[in-house]
Amino acid sequence: MAVLTTIFFMWGFLTVLNDILIPHLKSVFELNYAQAMLVQFTFFGAYFLMSLPAGRLVALLGYKKGIVAGLAIAALGAFGFWPAAQLHSYAAFLAALFVLATGITVLQVAANAYVALLGPERTSSSRLTLAQAMNSLGTTIGPKFGGLLILSAAATLAPLALRTAPETVQLVQTLNSAPATQTIEAIRQAPPDRLVAALNDASASALDRLPVQDVAASFVQLPAAPLAQVVDSLSGAPLLATLAAMSPQQLAALPPASLATALDKLASSRLNAQQAAQFAGVRANIPADTTQQLASYRQKQAQLVQAPYLGLGVALIALAVGVWLFRLPPLTESTEQADTSHHTLMDALRHRHVLFGVLAIFFYVGAEVSIGSFLVNYLSLPEIGHMSEQAAAGHVMYYWGGAMVGRLAGSALLVYINPRKLLAAFAAIAGLLVLTTMLTKGNVAMVSVIAIGLFNSIMFPTIFALGIERMGPLTGKASSLLIMAIVGGALVPLAQGVLADHMGIQHAFILPLLCYGYIVFYGLRGSLIREPAVPAATPENA
């Protein structure tokens, strides 16, 4: 168990880094939400495409050698990030991710089933939940690690003395609630440093009630340095109008990071035809040498992933060597080597709790990955968290940290509480939290979406343990089918990305809500076993 939980930690760490890669590559390659979600589509698509080959590999090599092979393949994918960054190719990044995910698929097929089998069947859900808690430790630490090493640094806040000065506080109140004419005049009269501080502390929608042309005309009168800080704090129509009002010289004076972030915000916004034409005009107004500097900046940003993933590749190789040297029980009686009847995947699917379990894994992983994938962009929205991407990445760790806490607690609860009832209860609460974040704004929306992680906690290990329950020598095939269903992490985020491009991130959370609804059904009805148990292999019949 100690060796296996280390592996669970590592693949959780690797998987959650996708949540940091998405906003990073979205900015580097100026992607919309649907294009950025190809990261998850590629990563989790590998589970579907490679699960059956992974199952055959584990059947051929056994659990221990299968785990070693999975670690080695994942290391190869991590090393692939170096040439992908040098080529500055989104397709190359996706190819490296596919190889990395193939290795993790092999680990999932081998390690999940191995932990579930490594003890009494009655406590398999508890045991797998405990191992998954280490997976959640990896997903908790990963966002902080990725945010520090991959995402751009957070913008520096104005000094506290300036932010709390009576004049600044008064300006914030004016921005939030004064009549439009008075607010525009206050913007024009305010010293640049006080204006920047007030804009960061004002309501996210403070400027939306003002004529955007008047706002833009006021901002472009600022000196270069405070103008860049103002651009960093803007989004939507005020940002577009401000960039459109700037001269080519002012655009060239913006730091590459500010200009790149502004263009990325607008590329992801829902623009009407007039705004799209205005955005195209902004791009055309950028001087050629500034465009070249911007491309160079994006190239350097792409290369920020090289060192972290190189280090991860080395760690995976070291872990593979450690597992190879450690003696693990073979448990051959629950592998395909003990299946003298040569059952097929369809034989496993004929068991209703396996079939419904495959769908439950699909929807659970789809919901969990969708929420995690959108968290950085969602929390950085002005109406939700109004924070930088690096600050949002720090909050993502609370989402995954909640899953870790929930799994540690759930491991104990599952010893005493029926896993089916606990699964249904947790899914119902997660659904209510999704509904809350869809219907609210600010801190309530932010806290409710992060709290979903706490109730995601027991879902995967409980569904997995229930899905392979009483399957005997068919355990390997049932395990492969359940791991294939992780493709939900590829398809649901992509569908949510399409919805987000058309209706906004917040309303696109309707998809995870529907997913949790199905998991409630699985806990209450779909996981019940109606067919006879598959007899385990014995020395006489093996």
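- Sorted by first and then second residue, the salt bridge (Lys or Arg N to Asp or Glu O under 4.0 Å) pairs with a member in residues 74-94 form an empty list; sequence neighbours excluded.
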Given Phe98 and Leu49, is the side-chain contact (heavy atoms from CB on, under 4.5 Å) satisfied, shown in steps? CA-CA 10 Å; Phe98 185 87; Leu49 295 174; 4.0 Å; yes
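- Shortest non-hydrogen contact noted between Arg298 and His88 is O-CE1, 3.6 Å.
- Residue-environment remark: CZ (Arg525) stays at or below the threshold of 12 foreign heavy atoms within 6.0 Å.
- Residue pairs satisfying the ring pair (Phe, Tyr, Trp, His ring centres under 6.0 Å) criterion with at least one member in residues 250-272, sequence neighbours excluded, are absent.
- The closest donor-acceptor contact from the side chain of Thr261 to the backbone of Ser258 lies at 3.5 Å or more, if one exists at all.
- A 6.0 Å sphere centred on CG of Asn443 holds no more than 12 heavy atoms belonging to other residues, nucleotides or ligands.
- Among the candidates Val396, Leu375, Val369, the single residue satisfying the side-chain contact (heavy atoms from CB on, under 4.5 Å) test with Asp19 is Val396.
- Residue-environment remark: CZ (Phe374) exceeds the threshold of 12 foreign heavy atoms within 6.0 Å.
- Distance check: Leu271 CG to Leu240 CG gives 6.5 Å after rounding to the nearest 0.5 Å.
- Here the side chain of Gln303 pairs no donor or acceptor atom with the backbone of Lys300 at under 3.5 angstrom.
- No more than 12 heavy atoms of other residues, nucleotides or ligands lie within 6.0 Å of OH in Tyr398, so this atom counts as exposed by the packing criterion.
- Asp214 and Ser218 get closest at one heavy-atom pair: O-OG, 2.9 Å.
- Scanning both residues, Leu294 and Pro256, for their nearest heavy atoms gives CD1-O, 3.7 Å.
- Atom CG of Leu227 sits about 8.0 Å away from atom OG1 of Thr242, to the nearest 0.5 Å.
- The shortest distance between side-chain heavy atoms of Thr102 and Tyr47 does not fall below 4.5 Å.
- Side-chain contact between Leu239 and Val231: present, with at least one pair of heavy atoms (C-beta onward) separated by less than 4.5 Å.
- Atoms NZ and CG, from Lys265 and Leu243 in turn, are 10.0 Å apart once rounded to the nearest 0.5 Å.
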List the steps, then state whether side-chain contact (heavy atoms from CB on, under 4.5 Å) holds for Val492 with Phe362. CA-CA 9 Å; Val492 176; Phe362 179 94; 4.1 Å; yes
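- With ring centers used as reference points, Phe79 lies 6.0 Å or more from Trp82.
- Residues that satisfy the side-chain hydrogen bond (donor to acceptor under 3.5 Å, both in side chains) test with Ser373, not counting sequence neighbours, are Gln40.
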Residues Leu97, Val39; criterion side-chain contact (heavy atoms from CB on, under 4.5 Å); working and verdict: CA-CA 8 Å; Leu97 271 172; Val39 168; 3.6 Å; yes
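- The heavy-atom pair separating Ala186 from Leu171 by the smallest distance is CB-CD1, 4.0 Å.
- One N or O on the side chain of Ser380 and one on the backbone of Asn377 form a donor-acceptor pair closer than 3.5 Å.
- When the shell of 6.0 Å around CZ of Phe48 is examined, it contains 12 or fewer heavy atoms from other residues, nucleotides or ligands.
- Exactly one of Phe8, Phe13, Phe9 qualifies for a ring-ring contact (aromatic ring centres under 6.0 Å, His included) with Trp11. That residue is Phe8.
- Listed by chain and number, the residues in a side-chain hydrogen bond (donor to acceptor under 3.5 Å, both in side chains) with Tyr516 are Asn456 (sequence neighbours excluded).
- Side-chain atoms of Ile187 and Leu175, non-hydrogen and from C-beta on, do get closer than 4.5 Å to each other.
- The CG atom of Leu433 lies 11.5 Å from the CD1 atom of Ile450; values are rounded to the nearest 0.5 Å.
- Under the 4.5 Å side-chain criterion, counting only non-hydrogen atoms from C-beta, Leu199 is in contact with Leu207.
- At a threshold of 4.5 Å between non-hydrogen side-chain atoms, the residues Val28 and Asp264 do not count as touching.
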With side-chain contact (heavy atoms from CB on, under 4.5 Å) as the test, would you mind laying out the steps for Leu17 and Tyr309 before giving the verdict? CA-CA 10 Å; Leu17 281 183; Tyr309 276 89; 3.4 Å; yes
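- For Arg209, the side-chain hydrogen bond (donor to acceptor under 3.5 Å, both in side chains) partners at least two apart in sequence or on another chain are Thr183.
- Although no hydrogens or angles enter the test, the distance criterion places no donor-acceptor pair under 3.5 Å between the side chain of Asn285 and the main chain of Ser247.
- Not counting sequence neighbours, the partners of Thr437 by the side-chain hydrogen bond (donor to acceptor under 3.5 Å, both in side chains) test are Tyr378.
- Residue Thr42 comes nearest to Leu94 through the heavy atom pair CG2-O, 3.1 Å, listed as atom of the first residue, atom of the second, then distance.
- Inspection of the Glu368 and Tyr364 side chains reveals an N or O donor paired with an N or O acceptor under 3.5 Å.
- In terms of heavy-atom proximity, Leu511 sits nearest to Gln496 at CD1-N, 3.6 Å.
- The structure places CD1 of Ile452 at 4.0 Å from CD1 of Ile371, a figure rounded to the nearest 0.5 Å.
- Remark: Leu76 CG to Leu100 CG distance equals 9.5 Å, nearest 0.5 Å.
- Phe460 places a side-chain heavy atom less than 4.5 Å from the side chain of Val365.
- Separation of the Tyr518 and Phe521 ring centroids falls under the 6.0 Å cut-off.
- Side-chain contact of Gln506 with Glu383: a donor-acceptor pair under 3.5 Å is absent, judged by distance alone.
- The aromatic rings of Phe455 and Phe426 sit perpendicular to each other, their planes meeting at more than 60°, with 30° as the lower class boundary.
- The backbone N or O of Gly12 sits nowhere less than 3.5 Å from a side-chain atom of Thr15 that would complete a donor-acceptor pair.
- Residues Thr105 and Ile73 are not in side-chain contact: their nearest non-hydrogen atoms beyond the backbone lie 4.5 Å or more apart.
- You'll find the side chain of Phe44 reaches within 4.5 Å of the side chain of Ile486, heavy atoms only.
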